[in-house]
K.L.:
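Sharing a structure below in structure tokens format, with a few things to ask.
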Amino acid sequence: YFFIPLVIFIVKGILHPVEIFILTITGLTGIFQGILGWLMVKSGFNRPAFVSPYYLSFHLITAYAGGAFLTLLLKLSTNLGTTRRIFIVRAGIAGIFLMVLQIFAGALVSGSKGGYIYNTFPLMGEKLVPDEVFLSLPFSEWLVNPGISQFIHRSIAYMLLLWAISVIIMKWKEVFIPAIFIFIQFTIGVINVMAHNNTYTALLHQIFAYATWISLTWYSFTWREISR
């Protein structure tokens with residue numbers, strides 16, 4: 001249903017080559033996400049109320065990637081065919097990189113049920129680093145340990161918070177709004193931890209994570225005039 005109208009628009013010459021490229025990538029991402037979604041569901045056939053944290057993470061990452069592609073397409077479409085060119089804001093590169101890691105880590109927490117333990121802040125129980133981090137486990141098991149996945153999620157959250165603080169201190173105006181989103185998202189995350197992963201705070205945390213990602217995608221790219 002996605003590619004049929006895309007082919008029609010291409011044949012009629014309605015779309016710019018850049019739009020064709022981004023829409024094609026978006027469609028392929030959607031197909032890949034569907035495959036990952038099926039594998040994720042299949043992984044829980046023999047374990048009720050459980051799916052593979054890894055399939056869940058990659059499934060979520062592809063969903064966010066699709067949203068990023070469409071956001072970028074929307075921004076590109078306003079100046080295609082002009083002398084303006086789009087550039088990525090340097091400060092946005094670090095923000096996007098950390099956000100991708102955080103999305104993956106957040107899905108690992110969800111898949112491993114890590115949000116239901118260590119419901120204290122800023123310490124995890126009575127420690128900064130939980131004992132699980134020092135367990136001798138295969139890396140694939142270590143990463144999805146509930147305590148470890150939450151520790152990783154918290155650690156990246158602190159990195160994102162430092163990034164947001166740096167944006168404000170250095171007055172990187174292009175990504176000021178995503179930095180504000182990071183502050184709000186961090187606060188919601190802390191509230192969710194203290195609320196023992198309450199359904200409503202967890203849902204708000206998920207929704208605002210996507211809003212933060214879209215704002216970061218939008219503001220990390222800027223148009224500049226190129227002289228002929």
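What you see is a predicted model; the values in this text were computed from it and never measured.
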K.L.:
To the nearest 0.5 Å, tell me how far Leu74 CG sits from Ile22 CD1.
P.N.:
10.5 Å

K.L.:
For Ile14, does the CD1 atom have more than 12 heavy-atom neighbours from other residues, nucleotides or ligands under 6.0 Å away?
P.N.:
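Count over threshold, so yes.
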
K.L.:
As an exercise, state the distance from CD1 of Ile31 to CG of Leu36, rounded to the nearest 0.5 Å.
P.N.:
12.0 Å

K.L.:
Side chains of Asn198 and Asn192: is there a donor and an acceptor less than 3.5 Å apart?
P.N.:
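Result is no, nothing qualifies.
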
K.L.:
Are the side chains of Leu216 and Ile182 in touch, meaning some heavy atoms are under 4.5 Å apart?
P.N.:
no

K.L.:
Hey, does Phe121 have a side-chain heavy atom less than 4.5 Å from the side chain of Arg154?
P.N.:
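They are in side-chain contact.
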
K.L.:
Can you name the closest pair of heavy atoms from Tyr55 and Ser43 and give their distance?
P.N.:
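Looks like CD1-CB, 4.1 Å.
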
K.L.:
Would you please say whether a donor-acceptor pair under 3.5 Å links the side chains of Ser149 and Ser112?
P.N.:
yes

K.L.:
Can you measure from CZ (Phe186) to CG (Leu161) and round to the nearest 0.5 angstrom?
P.N.:
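These two atoms lie 5.0 Å from each other.
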
K.L.:
With a cut-off of 6.0 Å (strictly less than), are more than 12 heavy atoms of other residues, nucleotides or ligands near CZ of Phe45?
P.N.:
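Correct, the count exceeds 12.
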
K.L.:
Any idea which heavy atoms bring Gly147 and Ile117 closest together, and the distance?
P.N.:
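That closest heavy-atom pairing would be N-CD1, 3.5 Å.
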
K.L.:
Check for me, please, whether Leu137 and Val129 land in the same ILVMFWY cluster - side-chain distances under 4.5 Å, paths through other members count.
P.N.:
yes

K.L.:
Below 4.5 Å, heavy atoms only, C-beta onward: do Glu19 and Leu76 meet side chain to side chain?
P.N.:
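They are not in contact (no side-chain heavy atoms under 4.5 Å apart), so the answer is no.
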
K.L.:
If the plane angle is over 60° it's perpendicular, under 30° parallel, otherwise tilted; pick one for Tyr54 and Phe104.
P.N.:
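Plane angle between 30° and 60°, so tilted.
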
K.L.:
Within the structure provided, determine whether Glu132 and Leu135 are in side-chain contact (heavy-atom separation under 4.5 Å).
P.N.:
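Of all side-chain heavy-atom pairs linking Leu135 with Glu132, at least one is under 4.5 Å.
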
K.L.:
State the OG1-CZ distance between Thr217 and Phe69, to the nearest 0.5 angstrom.
P.N.:
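One finds 10.0 Å between OG1 of Thr217 and CZ of Phe69.
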
K.L.:
Can you tell if the side chain of Ser166 reaches within under 4.5 Å of the side chain of Trp172, non-hydrogen atoms only?
P.N.:
yes

K.L.:
Taking the side chain as everything from C-beta on, heavy atoms only, tell me whether Ile103 gets closer than 4.5 Å to Met99.
P.N.:
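They are in contact (side-chain heavy atoms under 4.5 Å apart), so the answer is yes.
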
K.L.:
Between Trp213 and Tyr64, how do the two ring planes meet: parallel, tilted or perpendicular, split at 30° and 60°?
P.N.:
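Answer is tilted, since the angle falls between 30° and 60°.
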
K.L.:
State the CG-CD1 distance between Leu73 and Ile20, to the nearest 0.5 angstrom.
P.N.:
11.0 Å

K.L.:
Do His153 and Leu108 have side chains that get closer than 4.5 Å, going by heavy atoms?
P.N.:
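No - every pair of side-chain heavy atoms lies 4.5 Å or more apart.
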
